[in-house]
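Order of the sequence lines sets the chain letters (A, B, ...), proteins ahead of strands, with each chain counted from 1. The figures that follow rest on heavy atoms only: side chains count, while hydrogens, waters and symmetry mates do not.
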Amino acid sequence: MIRTTRSRTIVLITFALTLIAAIVAIGIGSVHIAVPDILKTIFNGREEGVYTTIIWDIRLPRVLLALIIGANIAISGALLQAVMGNPLADPGLTGVTSGAAAFVLLIMLANPEYTHLIPIAAFVGGLLAATIVYALAWRRTGITPITIILSGVAVNALCGGVIGFLSILYSDRLPSAVQWLNGSLAAKGHASLQMIYVYAIIGWILSIFAIRKANIIRLGDQVAVNLGENVTRIRILLSILAVFLAAISVAAIGMIGFVGLIVPHMARLLVGSDYKYMLPMSMAMGAIVLLLADTGGRTLFAPLDIPAGILMAVIGGPYFLYLMRKRAF
Amino acid sequence: MKKFACVGLIALSLALFGCAEQEEKVKSEDSVEVETQEQEADGSTAEADVFEDGVDEEKFQKLLAAFPAKVPDKIATTSVPLTEMLHLLDITPIGVPTSSNPIPTYFDAVTRIGSPMAPDLEVISSLQTELIIGASSLQDSLDKALNGMNLQAAYLPTDSFEDLKLSFKVLGTYFGKEDKLNEVLQNIVGKEQELAKLAQGKELPSVMLVIGTSDDFMVMNDKSYLGSLVEKLGADNIAKSVLKTESTYSAINLEEIVVADPDMIFVLASGDHGANEDKFKQEVAKNSAWKQLSAYKNDKIHILDYSIFGVTSITNIDTALTTIADYFLE
């Protein structure tokens with residue numbers, strides 16, 4: 001009971017912090033705007049002017065996108081970890097991200113006239129990669145960390161090869177995908193936000209229904225079967241949901257690594273393994289982490305806009321090594 | 001005898017004096033003719049030197065000195081712009097690069113030697129190539145690739161407008177094709193002067209040069225080919241003047257662009273070479289930040305033809321300069 005109350009409080013505090021982080025992120029940026037001007041611009045609504053454009057049309061959609069996509073990837077990672085019973089399972093390491101990216105790039109570079117099909121291509125690519133990883137990693141005893149890493153490496157290498165091949169074949173068209181390849185929210189406006197928020201809300205609602213199932217398979221196949229659950233069906237459905245959330249994120253801003261891996265891990269440390277708290281905690285923390293990465297990317301080296309994916313790799317890589325060193329897996 | 005010698009000497013002196021006077025007269029007439037031609041071309045009495053090609057002499061001599069003393073017979077090139085220059089100079093190489101960018105059709109039968117960055121060494125060897133000419137921007141990777149091969153290499157810059165003139169002059173001079181060289185350079189210089197005159201006294205717009213799409217783009221500064229053309233015409237490129245970018249291509253925060261608010265935007269829609277203005281504007285119309293830019297409001301976002309502006313090309317310089325100038329002066 002005490003643990004439950006503590007977990008609930010931590011989750012609520014994290015959501016409150018997310019809100020505060022969002023407000024702060026809207027206040028800071030490449031162009032300095034004084035606090036009174038920010039408040040005036042926000043409370044006066046959409047009046048014509050440079051500040052209005054910067055705050056309403058550039059920062060606000062970008063901050064919301066970072067929150068939504070960070071949440072999506074973190075939830076996706078948490079679900080994959082439950083499905084595979086493995087703390088190393090995240091959209092990046094399991095090849096979902098690179099599978100989605102290879103298919104998206106196939107449209108962006110080879111068939112740019114079909115850009116409207118990018119979300120579907122990302123979903124198909126992610127699902128295909130996940131299926132291959134499952135098939136390669138599955139043993140009678142389940143999925144062990146080593147098999148998931150090895151099959152993930154194989155699929156990532158395959159998709160990386162496709163991405164590299166496309167980049168060389170269409171090198172003259174590469175400038176239109178450079179930001180996307182590095183996972184960037186630069187120049188993403190209301191249109192990107194409108195494209196993703198409907199999918200994200202659907203994914204989040206489905207995730208609420210997934211909480212109980214994730215908790216059941218977390219207990220192990222034998223217990224789940226004893227409880228009368230169809231374990232394989234649960235795994236497939238949760239995987240599809242995880243791939244869906246990761247794929248729409250890749251379609252919108254490209255490849256972002258480590259959020260799906262380190263955020264659920266941090267959430268588990270703070271609120272335990274019960275998905276009732278762990279999933280919303282991952283959602284809030286994923287939102288904050290990506291928001292921090294993006295805000296850092298657009299302010300640290302202004303006027304240059306460093307993709308959030310690059311910052312996440314720089315921060316996430318050492319953290320991953322730290323976890324390995326601590327034998328957290 | 002002495003008398004004959006004296007008469008002969010006087011006659012010879014007179015003859016020499018006469019010739020010298022005639023030559024001076026001819027020279028004088030020539031210079032008058034040139035001056036007249038210049039004045040006609042200029043339409044003014046100003047002493048404009050139409051034959052001044054504007055190429056940096058120091059750089060020219062340095063690049064020329066890097067070529068082998070003896071002009072080889074078998075040359076290959078790994079650069080598309082340099083291939084085009086060789087074609088203009090009536091020089092047929094034994095190998096040209098494999099590229100999606102257009103190679104003069106005259107060279108259709110010439111062996112393709114692989115990509116500009118990593119040519120096929122086996123093919124180069126089999127052709128018994130004596131000299132390989134590549135782009136300076138790829139010198140590091142090419143030098144590594146050619147390391148250990150007994151092959152001479154020379155590099156020429158091809159990134160900007162001035163680079164093209166410089167490299168063309170080096171090639172023309174090295175291969176002894178001065179007539180062709182002067183013909184082409186004079187045309188370019190003539191176009192430069194013509195456009196400079198048209199722009200005189202007019203306020204040129206501030207410009208932003210973009211490559212990519214409306215939501216995944218980079219801004220180009222004066223080191224790019226397009227940037228060098230804009231600079232040549234005298235317009236203000238905000239990448240240099242406001243954003244102070246140092247790299248040729250920079251991912252710039254949209255906030256900074258909104259504040260800089262360029263009068264005109266040129267787009268190289270690299271994601272889709274066939275993209276037209278309507279398509280790009282439809283994309284831009286979905287992004288409210290782009291819609292706030294003066295260039296959008298005043299209908300001054302122009303999509304440039306990738307085949308002309310996407311690849312540095314000495315053949316297309318005339319069209320490229322004219323197109324940009326037309327937008328500036330419209």
Salt bridge check, B/Lys297 against B/Asp261: does any charged N sit closer than 4.0 Å to a carboxylate O?
no
Would you say the side-chain atoms of [X] and [Y] include a donor-acceptor pair closer than 3.5 Å?
| X | Y | value |
| --- | --- | --- |
| B/Ser206 | B/Asp236 | no |
| B/Tyr155 | B/Asp143 | yes |
| A/Trp204 | A/Asn72 | yes |
| B/Asp305 | B/Ser307 | yes |

Residues of residues 294-302 of chain A with a heavy atom under 4.5 Å from any heavy atom of chain B, in residue-number order, are A/Arg298, A/Ala302
- Query: Going through the checks in order, is the side chain to side chain donor-acceptor pair (under 3.5 Å) test met by B/Ser313 and B/Glu84?
  - Reply: CA-CA 7 Å; B/Ser313 158; B/Glu84 194 183 42; 2.8 Å; yes
